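A quick write-up on the structure given underneath.
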Amino acid sequence: MKAIVVGATGAVGRDLVELLCHDPRYTEVRTFTRRELGIENPKIHPYVVDLERTEGWHDLVQGDVIFSALGTSKKQAGSKEAQYHIDHDYQMMFAEFAKKNGVRHKVLVSSAGADASSVSFFM
(Lines give C-alpha, C1' and ligand atoms only; values in the text may rest on other atoms or scores of the structure.)
Protein backbone atom coordinates (compact mmCIF):
# COMPACT_ATOMS: atom_id res chain seq x y z
CA MET A 1 0.00 0.00 0.00
CA LYS A 2 1.00 3.60 -0.52
CA ALA A 3 0.49 6.14 2.26
CA ILE A 4 0.36 9.92 2.12
CA VAL A 5 1.19 11.89 5.26
CA VAL A 6 0.35 15.55 5.67
CA GLY A 7 1.85 17.29 8.69
CA ALA A 8 4.79 14.90 8.84
CA THR A 9 7.14 17.37 10.56
CA GLY A 10 5.03 17.67 13.72
CA ALA A 11 5.32 15.40 16.74
CA VAL A 12 2.46 13.09 15.75
CA GLY A 13 3.22 13.17 12.03
CA ARG A 14 6.90 12.34 12.56
CA ASP A 15 6.01 9.31 14.71
CA LEU A 16 3.41 8.23 12.14
CA VAL A 17 5.97 8.38 9.30
CA GLU A 18 8.37 6.24 11.33
CA LEU A 19 5.63 3.67 12.01
CA LEU A 20 4.58 3.52 8.35
CA CYS A 21 8.18 3.08 7.22
CA HIS A 22 8.57 0.07 9.51
CA ASP A 23 5.20 -1.45 8.54
CA PRO A 24 5.72 -4.04 5.78
CA ARG A 25 2.22 -3.35 4.41
CA TYR A 26 3.39 0.05 3.18
CA THR A 27 5.74 0.21 0.20
CA GLU A 28 5.74 4.00 -0.17
CA VAL A 29 5.19 6.96 2.15
CA ARG A 30 4.62 10.30 0.44
CA THR A 31 5.04 13.28 2.75
CA PHE A 32 3.83 16.81 2.08
CA THR A 33 5.47 19.37 4.32
CA ARG A 34 6.28 23.07 4.47
CA ARG A 35 9.89 22.36 5.47
CA GLU A 36 12.41 19.54 5.12
CA LEU A 37 11.31 16.31 6.78
CA GLY A 38 14.71 15.27 8.13
CA ILE A 39 13.95 11.53 8.06
CA GLU A 40 15.83 9.23 5.70
CA ASN A 41 14.19 6.02 4.51
CA PRO A 42 13.94 4.46 1.04
CA LYS A 43 10.13 4.27 1.38
CA ILE A 44 9.81 8.03 1.87
CA HIS A 45 9.04 10.29 -1.07
CA PRO A 46 9.23 13.77 0.48
CA TYR A 47 7.63 16.83 -1.08
CA VAL A 48 8.29 20.27 0.37
CA VAL A 49 5.42 22.36 -0.92
CA ASP A 50 3.93 25.83 -0.75
CA LEU A 51 0.41 25.22 0.50
CA GLU A 52 -0.77 28.51 -0.99
CA ARG A 53 0.48 27.59 -4.48
CA THR A 54 -0.79 24.13 -5.33
CA GLU A 55 -0.02 24.02 -9.04
CA GLY A 56 2.76 21.59 -9.82
CA TRP A 57 2.22 19.27 -6.86
CA HIS A 58 -1.52 18.71 -6.20
CA ASP A 59 -1.53 15.77 -8.63
CA LEU A 60 1.16 14.04 -6.50
CA VAL A 61 -1.35 13.47 -3.68
CA GLN A 62 -1.79 9.85 -4.73
CA GLY A 63 -1.88 6.60 -2.80
CA ASP A 64 -4.20 4.24 -0.97
CA VAL A 65 -4.67 6.20 2.24
CA ILE A 66 -4.00 9.78 3.34
CA PHE A 67 -3.16 10.49 6.97
CA SER A 68 -3.42 14.10 8.06
CA ALA A 69 -1.70 15.22 11.23
CA LEU A 70 -1.52 18.81 10.00
CA GLY A 71 -2.36 21.40 12.60
CA THR A 72 -1.10 24.35 14.56
CA SER A 73 -1.85 26.53 17.54
CA LYS A 74 -3.09 30.11 17.60
CA LYS A 75 0.27 31.15 19.07
CA GLN A 76 2.22 29.51 16.22
CA ALA A 77 -0.17 30.72 13.52
CA GLY A 78 -0.35 34.28 14.84
CA SER A 79 -4.13 34.63 14.86
CA LYS A 80 -7.35 32.67 15.14
CA GLU A 81 -8.00 33.21 11.42
CA ALA A 82 -4.56 31.92 10.45
CA GLN A 83 -5.00 28.89 12.70
CA TYR A 84 -8.38 28.14 11.08
CA HIS A 85 -6.82 28.43 7.63
CA ILE A 86 -4.22 25.81 8.53
CA ASP A 87 -6.41 23.51 10.62
CA HIS A 88 -9.48 23.62 8.37
CA ASP A 89 -8.76 24.98 4.90
CA TYR A 90 -5.58 23.00 4.30
CA GLN A 91 -7.28 19.84 5.57
CA MET A 92 -10.12 20.36 3.11
CA MET A 93 -7.70 21.12 0.29
CA PHE A 94 -5.77 17.87 0.82
CA ALA A 95 -9.02 15.89 1.14
CA GLU A 96 -10.21 17.31 -2.18
CA PHE A 97 -6.90 16.54 -3.93
CA ALA A 98 -6.91 13.02 -2.51
CA LYS A 99 -10.48 12.38 -3.63
CA LYS A 100 -9.76 13.76 -7.11
CA ASN A 101 -6.68 11.54 -7.38
CA GLY A 102 -8.51 8.37 -6.35
CA VAL A 103 -7.34 8.00 -2.74
CA ARG A 104 -9.97 5.81 -1.12
CA HIS A 105 -9.26 6.28 2.60
CA LYS A 106 -8.61 9.35 4.78
CA VAL A 107 -7.48 9.38 8.40
CA LEU A 108 -7.63 12.68 10.26
CA VAL A 109 -5.65 13.03 13.46
CA SER A 110 -7.46 15.43 15.77
CA SER A 111 -7.27 16.49 19.39
CA ALA A 112 -9.04 14.51 22.09
CA GLY A 113 -12.48 15.98 22.71
CA ALA A 114 -12.69 17.78 19.35
CA ASP A 115 -16.23 19.10 18.90
CA ALA A 116 -17.53 21.57 16.31
CA SER A 117 -19.89 23.06 18.90
CA SER A 118 -17.22 23.52 21.60
CA VAL A 119 -16.86 26.96 23.18
CA SER A 120 -13.09 26.52 22.88
CA PHE A 121 -11.87 27.49 19.41
CA PHE A 122 -9.05 24.92 19.53
CA MET A 123 -11.48 22.07 20.19
Side-chain angles (χ1 to χ4, degrees):
M1 287 196 313
K2 295 179 182 178
I4 304 155
V5 180
V6 181
T9 57
V12 173
R14 179 174 292 284
D15 287 348
L16 175 60
V17 169
E18 292 283 352
L19 287 170
L20 292 170
C21 285
H22 290 96
D23 188 326
R25 294 174 293 180
Y26 291 93
T27 58
E28 182 179 314
V29 180
R30 290 184 178 204
T31 61
F32 291 86
T33 58
R34 294 174 281 180
R35 62 182 182 275
E36 292 295 325
L37 182 61
I39 301 173
E40 299 281 330
N41 188 292
K43 287 185 181 182
I44 296 175
H45 297 257
Y47 299 97
V48 177
V49 299
D50 181 343
L51 298 176
E52 294 298 322
R53 293 182 176 84
T54 62
E55 61 280 345
W57 63 264
H58 62 87
D59 56 331
L60 298 172
V61 182
Q62 295 182 23
D64 299 296
V65 57
I66 183 169
F67 296 90
S68 185
L70 179 64
T72 192
S73 66
K74 184 173 134 183
K75 182 178 179 182
Q76 287 179 316
S79 70
K80 192 161 68 168
E81 294 75 22
Q83 180 185 5
Y84 183 86
H85 186 58
I86 293 167
D87 289 358
H88 177 271
D89 298 344
Y90 289 161
Q91 297 284 359
M92 293 300 294
M93 177 181 72
F94 272 101
E96 290 168 5
F97 293 158
K99 182 177 180 180
K100 179 182 172 222
N101 294 333
V103 179
R104 297 181 48 94
H105 303 282
K106 179 166 182 19
V107 178
L108 174 65
V109 178
S110 186
S111 65
D115 183 346
S117 61
S118 174
V119 294
S120 167
F121 179 73
F122 180 78
M123 301 306 275

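Just so it is clear, the structure is predicted and the values come from calculations on it, not from any experiment.
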Is there a path of hydrophobic side-chain contacts, each under 4.5 Å between heavy atoms of I, L, V, M, F, W or Y residues, that connects V6 with V49? yes

If you look only at pairs with a residue in residues 54-71, which of them pass as a salt bridge (charged side-chain N to carboxylate O under 4.0 Å, His left out), with sequence neighbours excluded? none

Residue pairs passing the salt bridge (charged side-chain N to carboxylate O under 4.0 Å, His left out) test with at least one member in residues 15-24, sequence neighbours excluded, are D23-R25

Nearest 0.5 angstrom please: T54 OG1 to M93 CE, how far? 6.5 Å

Tell me every residue that passes side-chain hydrogen bond (donor to acceptor under 3.5 Å, both in side chains) with T31, counting only those two or more places apart in sequence or in another chain. none

Counterpart residues, ring pair (Phe, Tyr, Trp, His ring centres under 6.0 Å), relative to H45 (two or more places apart): none

Side-chain heavy atoms nearer than 4.5 Å, only ILVMFWY residues, links allowed to pass through others: does that put L16 and Y26 together? yes

Mind checking ring pair (Phe, Tyr, Trp, His ring centres under 6.0 Å) for F94 and listing every partner two or more places apart, or none if nothing turns up? F32, W57

Of the non-hydrogen atoms in A82 and S79, which two are nearest, and what is the gap between them? N-OG, 3.0 Å

Is any side-chain heavy atom of R34 closer than 4.5 Å to one of I86? yes

Closest non-hydrogen atom pair between R30 and L60, with its separation: NH1-O, 2.6 Å

Decide yes or no on side chain to side chain contact (heavy atoms under 4.5 Å, CB included) for L37 and I44, but give the supporting numbers first. CA-CA 10 Å; L37 182 61; I44 296 175; 3.8 Å; yes

Any link between I66 and Y47 through a network of hydrophobic side chains (Ile, Leu, Val, Met, Phe, Trp, Tyr) touching at under 4.5 Å? yes

Between V5 and L20, is any pair of side-chain heavy atoms under 4.5 Å apart? yes

Does the side chain of P46 come within less than 4.5 Å of T33's, by heavy atoms? no

By salt bridge (charged side-chain N to carboxylate O under 4.0 Å, His left out), R14 pairs with (sequence neighbours left out) none

Any donor-acceptor N/O pair, Q91 side chain to L70 backbone, under 3.5 Å: yes

All pairs passing salt bridge (charged side-chain N to carboxylate O under 4.0 Å, His left out) where residues 40-51 contributes a residue, at least two apart: D50-R53

Of all heavy-atom pairs linking A69 and V109, the shortest is CA-CB, 4.0 Å

With sequence neighbours excluded, tell me which residues meet side-chain hydrogen bond (donor to acceptor under 3.5 Å, both in side chains) with E52. H85, Y90

Which donor-acceptor pairs under 3.5 Å do side chains of residues 99-108 form with protein atoms, sequence neighbours excluded?
| residue | atom | partner | partner atom | Å |
| --- | --- | --- | --- | --- |
| N101 | ND2 | H58 | O | 3.0 |
| N101 | ND2 | V61 | O | 3.1 |
| N101 | ND2 | F97 | O | 3.2 |

Take I4 and V65 through the test side chain to side chain contact (heavy atoms under 4.5 Å, CB included) and record every step on the way to the result. CA-CA 6 Å; I4 304 155; V65 57; over 6 Å; no

